[in-house]
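What follows is a set of notes on a single structure, which appears directly below.
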Amino acid sequence: MQNLRDLTIQDMEALMREAGQPAYRAAQIFKWAQSGVGSFDQMTDVPKNLRAYLAERYTVTPPVQLRRQIAKDGTRKYLWGLSDGNCIETVLMQYKHGYSICVSTQAGCRMGCVFCASTKGGLVRNLTPGEILDQVLYTGLDAGVRISNIVLMGTGEPLDNMENVLKFLELVNHEKGLGIGERHISLSTSGLVDRIYDLEKRDLQITLSISLHAPNNALRGQIMPVNRRWPVEELLAACRSYTASTHRRISYEYALIRGFNDTPECARELASLLKGQLAHVNLIRLNEIEESPLKPSTPEDTRRFCDILNQNGVTATVRRRLGFDIDASCGQLRRKFEQNRA
Ligand code: SAH
């Protein structure tokens with residue numbers, strides 16, 4: 001049965017027409033669904049016969065909390081079980097300005113980046129809009145906090161599940177739902193160039209993050225198979241077009257891998273690649289995963305890399321690593337759970 005939380009307000013209005021119900025019921029039910037009620041009987045201002053009609057067609061059952069780990073720095077990591085037995089991970093981080101959540105968009109991933117644990121078992125399936133939303137909703141309820149920022153940086157390639165992701169944005173934005181604005185949401189992509197052009201046409205206010213990780217095709221092609229389809233020049237052309245029409249600054253993610261992409265030459269090459277663009281570089285020391293021999297850069301090389309970018313006119317910062325003691329990154333919890341189950 002379909003998750004009632006998959007339905008946008010328009011879907012809900014169409015459903016009310018089908019059910020021969022007045023239009024105002026749509027907003028009422030949407031609000032209940034998005035508040036996380038666990039049964040139709042809790043919808044106290046909805047008539048009994050309509051509750052029964054909904055219960056025959058939809059479910060409001062929450063995802064099952066399979067694991068919850070809380071790190072010393074307060075970062076929380078959740079493993080959620082979905083209705084079909086698949087599981088996904090979500091991370092909640094606390095910053096000075098509020099709570100930020102990192103959600104998954106697919107169970108597994110098919111991009112094949114060599115440094116990433118999320119892709120090792122391949123793509124299992126796309127998440128529905130409601131399943132993406134549920135991570136925000138039930139994590140917020142469990143932790144008892146108001147979440148202010150969302151990053152689509154968990155497992156999966158958001159632009160490989162674009163329609164559901166766009167519907168999720170609509171759900172989470174709505175004033176009768178969680179009401180989280182586009183400017184508080186970041187979408188990260190490994191670089192599906194055709195979809196970046198599609199996204200540009202939607203004219204959203206979200207922040208686009210590009211997982212760049214290397215300044216040229218020779219290096220990027222070794223760690224990210226997507227680069228063979230869309231090389232760096234085509235990716236950056238799409239990014240320039242995106243900022244020209246949305247006026248939004250793009251974030252470039254760059255995981256520093258020891259001796260591979262962290263040399264001063266790489267930093268200078270990256271600086272000349274991005275110079276003059278509305279861009280920010282987020283540097284992160286690679287998180288080591290069991291399936292790969294790649295190592296993180298040293299803190300000294302990380303600092304030097306960051307300095308070279310800033311000296312050459314490209315703003316860059318080194319991202320703090322949160323939840324380090326709980327495998328809070330890059331699909332490691334889900335991966336371990338799936339391996340133990342097998
Ligand atoms: N598929 C999307 C979003 C999910 S990955 C994308 O590729 O952008 C979220 C971010 O974590 C990406 O920038 C990804 O490259 C990065 N990442 C994956 N594994 C990592 C690791 N082991 N260390 C550091 N960053 C990693």
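We count ligands from 1, going down the list as the structure has it; atoms in each ligand are counted the same way.
Pairing each heavy atom of Thr315 with each of Ala279, the nearest pair is OG1-O, 3.3 Å. Contact between Gln34 and Leu137 at its shortest, heavy atoms only, is O-CD1, 3.2 Å. Taking both residues in full, the closest heavy atoms of Ser251 and Asn282 are given as OG-ND2, 4.1 Å, listed atom of the first, atom of the second, then distance.
Of the candidates Asp142, Thr90, Thr139, Arg68 forms a side chain to side chain donor-acceptor pair (under 3.5 Å) with just one, namely Asp142. With Thr302 as the fixed residue, the side chain to side chain contact (heavy atoms under 4.5 Å, CB included) test singles out one of Asp307, Ile284, Asp262, Val318: Val318.
Close approach of ligand 1 to Cys116 is summarised as follows: ligand atoms under 4.0 Å from at least one heavy atom of the residue are 18 (C), 19 (N). When each atom of ligand 1 is checked for a heavy atom of Glu253 under 4.0 Å away, the hits are 13 (O). The Ser190 neighbourhood of ligand 1 comprises atoms 6 (C), 7 (O), 8 (O), with distances under 4.0 Å to a heavy atom of that residue.
Checking only distances, Ile284 never comes within under 3.5 Å of ligand 1, N or O to N or O. Note: no N/O pair closer than 3.5 Å links Ala255 and ligand 1 by distance alone. Distances between N or O atoms of Ser211 and those of ligand 1 include at least one value under 3.5 Å.
Taking a 4.0 Å cut-off on heavy atoms, Gly154 registers as neighbouring ligand 1. Within the structure, ligand 1 has Gly156 among the residues with a heavy atom less than 4.0 angstrom away.
Using a 4.0 Å cut-off between heavy atoms, Thr189 contacts ligand 1 through its backbone alone, with no side-chain atom that close. With a 4.0 Å cut-off on non-hydrogen atoms, His213 touches ligand 1 through its side chain and not its backbone.
A centroid separation of 6.0 Å or more is found between the aromatic rings of Tyr197 and Tyr242.
Lys167 has no carboxylate O lying under 4.0 Å from a charged side-chain N of Glu131, or vice versa, which leaves the two without a salt bridge.
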